[in-house]
Amino acid sequence: MATQYILAIDQGTTSSRAIIFDHSGSVVATGQKEHEQILPKAGWVEHDPAEIWHNVQEVIGLALTRAHLTRHDIAAVGITNQRETTVVWDRRTGKPVYNAIVWQDTRTQPIVDRLATDGGLDRFKEVVGLPLATYFAGTKVAWILENVDGARRAADAGDLLFGTTDTWVLWNLTGGVHGGVHATDVTNASRTMFMDLLTLQWRDDILEAFGVPRSMMPEIRSSSEVYGTAETSSLLRHAPIAGILGDQQAATFGQAAFAAGESKNTYGTGCFLIFNTGEEIIHSTNGLLTTVGYKLGDAPTHYALEGSIAVAGSLIQWLRDQLGLISSAPEVEELAGQVDDNGGVYIVPAFSGLFTPYWRPDARGAIVGLTRFANRNHIAKAALEAVAFQTRDVLDAVNADAEVGLSELKVDGGMVANDALMQFQADILGVPVVRPVVTETTALGAAYAAGLAVGFWSGLDDLSANWQEDQRWEPKLDAAERDRQLRLWRKAVTKSMDWVDEDVRATS
Ligand code: ADP
């Protein structure tokens, strides 16, 4: 056991990573490679699935080499992934029929509108836990079938397969056209709009409403079981692939938030707060999503409420790439740190509309409160604060839906390296914010799921013992000032709404 490790593949929005963990949950080695963000038009975001698969293989090699390990040291492989991003490929050739349509992509709004004419946006919510929105995989599959030449015919003939990127990676890793396993786990399936939360099965009536043939759909499996083994010719040959969790559920698992009432918030490209509701399905009345948290083999399903914020770290990337205000993400700290406050400036980053708790596709980004006094430092500060304010809105929704409110917030993701942001987050929430030692919680969660399936870890207690606190930020801001800032933030949010009219929708 001491010489064995778990390898987790994290197929993320901006990059693919392979991380090797030891039994204590510590990172032994990492390989990482970014892939291209293809932006053909405003609102469209694509990835090349072939590039992703190529990068996944490369990062596996990098991680193994850096750790001086071979496949024989790897007890099992876990997969975690950007959720909802949709790949459709031909089962005979293994070739995608179109680029992957990424979760942030808003091109399917007309399909959302069409489906909502009969029953409104909450038409399927009771069954699948989600409102109709461009965010989820369902309308993205429908778009490919409706818009890619020959796709509908090939799908009807049974030649096409659908998968989120976990499924794409699993299928390729286990042999592709030569018997690749076409499966997904319950957490990823719960983001399609096609899975019944109660039975954990695809719903034929919903597939039919979207015009998606059942033959395209992967088999739904638990988050922790052996799905198959890596193909003979791969670096991981014959290693069992034994865990799959969508990235946010994986981070929750990696934070050891296993029980009802536990939660975490991940600050990456977007920001996602997951609140474990145990074996109970809670339907939100405050704009949260109901989703599957995890399911370990045959054990009962754990559900969760989720608040999804589309733009968090990507707002910092926007300051870097589109405005040229900074040359690297961490520079935002320095820029923001040069002023005491935001100078009255508020940024609402509704680049793809507003997700939780507003669900307003008609919103677009707004910078308000500008005066002649405002400068780049204020913009930088306002950008960071926007992430904290959005999280506060989500936390309010969780507290309203759940009987017991949150008493502290566990955090992870790339942005939690920013101490000033974490302090402001604690100030604006009014509860402590806690960062663990291992912030690679997404990959760790997938490793945990895989390791549990093969007996590398004996159970959840074994994993909880690995969790260690690194830093804790206590709220310091006085309540009156906090409330004043929240009032201004909420006013700013109203200014971003009602922007997209019918006639501009096609291009914005
Ligand atoms: P993902 O997994 O979604 O690709 P990560 O968890 O790796 O994202 O986080 C990267 C994000 O964090 C980037 O969007 C980047 O802009 C942001 N980021 C990185 N360092 C900082 C920092 N010091 N301050 C603010 N944001 C940061």
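Both counts, for ligands and for their atoms, begin at 1 and track the order of listing. What's counted below: heavy atoms across the whole structure, side chains too, no hydrogens, waters or symmetry copies.
Remark: minimum distance from atom 9 (O) of ligand 1 to any protein heavy atom is reached at Gly414 CA, 3.2 Å. When only non-hydrogen protein atoms are considered, atom 16 (O) of ligand 1 lies nearest to Gly313 O, 3.0 Å. Of the protein's non-hydrogen atoms, the one nearest atom 1 (P) of ligand 1 is Thr269 OG1, 3.5 Å. In this structure, atom 12 (O) of ligand 1 lies nearest to the protein heavy atom Met415 CG, 3.5 Å. In this structure, atom 13 (C) of ligand 1 lies nearest to the protein heavy atom Gln317 NE2, 3.5 Å. In terms of protein heavy-atom proximity, atom 24 (N) of ligand 1 is closest to Asn418 ND2, 3.0 Å. Of the protein's non-hydrogen atoms, the one nearest atom 4 (O) of ligand 1 is Thr14 OG1, 2.8 Å.
Side chains of Gln485 and Trp489: a donor-acceptor N/O pair is absent below 3.5 angstrom, by distance only. For the 3.5 Å distance criterion, the side chains of Asp185 and Asn188 qualify, holding a donor opposite an acceptor.
No close placement of the Trp53 and Trp168 rings is indicated, their centers lying 6.0 Å or farther apart. A distance of 6.0 Å or more separates the ring centres of Trp457 and Phe253. For Trp143 and Trp44, the gap between ring centers is short of 6.0 Å. Between Tyr5 and Phe21, the ring center distance fails the sub-6.0 Å criterion. Taking the six-membered ring for Trp and the full ring otherwise, Phe136 and Phe194 have centroids separated by 6.0 Å or more.
Remark: side-chain polar atoms of Arg435 are paired, donor with acceptor, to backbone N or O of Val416 under 3.5 angstrom.
Residue-level proximity to ligand 1 for Glu333 is carried by the side chain, the only part with a heavy atom below 4.0 angstrom. Proximity of Ala312 to ligand 1, defined as any heavy-atom pair under 4.0 Å, is not found for any part of the residue.
By the 4.0 Å heavy-atom criterion, Thr13 is excluded from the residues contacting ligand 1. At least one heavy atom of Ser314 sits less than 4.0 Å from an atom of ligand 1.
Atoms of ligand 1 lying under 4.0 Å from at least one heavy atom of Arg17, given by number and element, are 2 (O), 7 (O). Below 4.0 Å from some heavy atom of Gly413 lie the following atoms of ligand 1, by number and element: 6 (O). Residue Val332 has at least one heavy-atom neighbour below 4.0 Å for each of these atoms of ligand 1: 24 (N), 25 (C).
More than 12 heavy-atom neighbours from other residues, nucleotides or ligands sit within 6.0 angstrom of CG on Asp478.
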Verdict with reasoning, Asn55 to Ser16, per side-chain hydrogen bond (donor to acceptor under 3.5 Å, both in side chains): CA-CA 7 Å; Asn55 289 358; Ser16 301; 5.2 Å; no

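Evaluated by nearest non-hydrogen atom to atom 19 (C) of ligand 1, the leading choice among Ala420, Gly268, Ala329 is Ala329.
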